[in-house]
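See structure below.
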Number of protein chains: 2
Amino acid sequence: MAAKRSGSRSKRSHRISEWPQPVQEPGSEPPLSRERIVATAVELLDAQGIDGLTMRRLADRLGSGVMSLYWHVDNKEDVFDLALDSVLEYRGPPQIVQYQDWRGEVVHMLEDWRASMLRHPWSASLLPRRALGPNILSRLELLSKTLSRAGVTDADLNVAIWSLWNYVMGATITRASFDLSHDDRAAAQQRLEHFSECYPTIERSRLLLDDDWDGAFSKGLGFLLDGLSPK
Amino acid sequence: MAAKRSGSRSKRSHRISEWPQPVQEPGSEPPLSRERIVATAVELLDAQGIDGLTMRRLADRLGSGVMSLYWHVDNKEDVFDLALDSVLEYRGPPQIVQYQDWRGEVVHMLEDWRASMLRHPWSASLLPRRALGPNILSRLELLSKTLSRAGVTDADLNVAIWSLWNYVMGATITRASFDLSHDDRAAAQQRLEHFSECYPTIERSRLLLDDDWDGAFSKGLGFLLDGLSPK
DNA sequence: ACCTGAACACCGTTCAAGT
DNA sequence: ACCTGAACACCGTTCAAGT
């Protein structure tokens, strides 16, 4: 369970320029940099979705030739890895640290994780197939520490972490990609009713119409934590 | 929470040919059909992964021109939808029906679901963004019925179903895409050790080295079912 | 009813070259 | 050290045409 490819970093070795840049022309773009590329990639992904990110469009937005990107970045995969991790920083629990409240801490971090990903819907479906960047590892570390302090045994620890991971990823990916208009969902429910002999139970419970995603997420997370709690 | 696009079916209206086909030439391909296209798409996806499926390659394998496919199929999205659902049929619980064992039934169905998806690793990452086909709906229906009979209240039913869905999807997508050689994972762990000041807990628990995926899945599912069980 | 090739508007990346 | 354009080997799909 690990990162996809090791981080073969690209050619350049970031020197810090120790003097004012060659006097920024008023209208012209700032020089290309890994940071600008990543930030612009996130913009583009937010605006156009996963298929909307192409190297050509990215270069366009940056006001450079396509091939200039490849000086700063290995390839398109690399851009995805960087954009993803850049979006998952965790600022920690709210101001007042409540000692002993391990459940509250876990819930806060995981709800924040989900919220961060939903702010950038492309990130959810990207995460499972990409390298684990520092921000992701920090969250896993925090989760691990909190659960361990809460009394989860070493034998259960990894299972607990991966269970929570699975739950959060599943919920977020699903939420991000099933995000439909009310009309679309009503249509789906109607198609379902058309087959009510086949699917009576989920038709009756209106499974496909339920749209309290946030509530369902918290409640389900509660169930899982109930099961994980040291007895 | 519903299917992406309604099923605008394509032009042709499948007539069943009521007479022996025009005498199958020995070496030549059987005529194109929706079924052949889907079956071949699954083959191609199994062999080459998600990016390996292109309309051109698909047509090649079928011995036809690219554009011939578009008679039977709306577009590439349609091929994905059909390939996905075709792989998720559920044959039901093992021969002897154990009444009362709702937990066993749920575990069997979900482990089978996961196994079906892992046999076709592309299916996991495809599922959340696609229409819900009949095989998927059947599984949800079965799940719903079993939980309801087990005593899960109507108020908890949808949350329970989506929680299990989330868990299974998260686990399967993660498993399918983090499937690395032992060496790769060892390298990841080593990179981690290099930063052991940053990630001491997950380094110690060897989170990234753990490879008992099946065991972790079952055990975590057990925790979740513990939490969901009617009290 | 079913199949076709040519054409259009795109892709990511290699390469050899410029400053 | 950083940026570039031309070129290569691909894509999905529209269209007008064939049988």
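Just so you know, these numbers use all the heavy atoms, side chains as well, and skip hydrogens, waters and symmetry mates. Quick note on labels: first sequence line is chain A, next is B, and so on, each numbered from 1.
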Please confirm whether the shortest side-chain N or O distance from B:Arg57 to OP1 or OP2 of D:dC10 is below 4.0 Å.
no
Let me spell it out: for each of A:Leu32 and B:Leu53, pick the nucleotide of DNA chain D with the closest heavy atom. Which residue's pick is nearer the 5' end?
A:Leu32
Distance, C1' atom - from C:dC3 to D:dA16, rounded to whole angstrom
13 Å
Quick one: which residue pairs count as a salt bridge (charged side-chain N to carboxylate O under 4.0 Å, His left out) with a foot in residues 106-119 of chain B, not counting sequence neighbours?
B:Asp112-B:Arg139, B:Arg114-B:Asp214
What is the separation between atom CZ on B:Arg34 and atom P on C:dC3, rounded to the nearest whole Å?
14 Å
CG/B:Leu62 to OG/B:Ser68 distance, rounded to the nearest 0.5 angstrom?
9.5 Å
Of all residues at least two apart in sequence or in a different chain, which pass the ring-ring contact (aromatic ring centres under 6.0 Å, His included) check with A:Phe80?
none
Short side-chain N/O contact from A:Thr54 to OP1 or OP2 of C:dC11, under 4.0 Å
yes
Side chains of A:Leu127 and A:Trp113: closer than 4.5 Å at any heavy-atom pair?
yes
Would you list the atom pairs, donor with acceptor, under 3.5 Å between side chains in residues 164-171 of chain B and any protein atom, with sequence neighbours excluded?
{"unit_1": "B:Trp165", "atom_1": "NE1", "unit_2": "A:Thr174", "atom_2": "OG1", "d": "2.9"}
{"unit_1": "B:Asn166", "atom_1": "OD1", "unit_2": "A:Ala171", "atom_2": "N", "d": "3.4"}
{"unit_1": "B:Asn166", "atom_1": "ND2", "unit_2": "B:Trp162", "atom_2": "O", "d": "3.1"}
{"unit_1": "B:Tyr167", "atom_1": "OH", "unit_2": "B:Phe217", "atom_2": "O", "d": "2.9"}
{"unit_1": "B:Tyr167", "atom_1": "OH", "unit_2": "B:Leu221", "atom_2": "N", "d": "3.2"}

Return no unless some side-chain N or O of A:Ser68 is found under 4.0 Å from OP1 or OP2 of D:dT4.
yes
If the C1' atom of D:dC8 is compared with that of C:dC10, how far apart are they to the nearest Å?
15 Å
Rounding to a whole Å, what distance do you find between B:Asp60:CG and C:dC3:P?
16 Å
For the pair made of CG in B:Leu62 and P in C:dT4, what is the distance, rounded to whole Å?
11 Å
Phosphate contact (C:dA1 OP1 or OP2) by B:His72 side-chain N/O below 4.0 Å:
no
Protein-proximity profile, nucleotides 13-19 of chain D, B/S/- by nucleotide at the 4.0 Å heavy-atom cutoff, equals BBB----
Applying side-chain contact (heavy atoms from CB on, under 4.5 Å), can you list everything that pairs with A:Ser125, at least two apart in sequence or on another chain?
A:Ile50, B:Arg129
In whole Å, what separates the C1' atom of C:dA9 from that of D:dA9?
16 Å
With sequence neighbours excluded, tell me which residues meet side-chain contact (heavy atoms from CB on, under 4.5 Å) with B:Glu89.
B:Arg91, B:Asn135
Not counting sequence neighbours, which residues clear side-chain contact (heavy atoms from CB on, under 4.5 Å) with B:Leu142? List them please.
B:Tyr90, B:Met109, B:Thr146
Ring pair (Phe, Tyr, Trp, His ring centres under 6.0 Å) contacts touching residues 120-140 of chain B (sequence neighbours left out):
B:His120-B:Trp122
When pairs are called at under 3.5 Å and a stem needs at least three consecutive Watson-Crick or G-U pairs, the stems of DNA chain C are C:4-8 with D:12-16, C:12-16 with D:4-8
Are any of A:Trp71's side-chain N or O atoms less than 4.0 Å away from OP1 or OP2 of D:dC3?
no
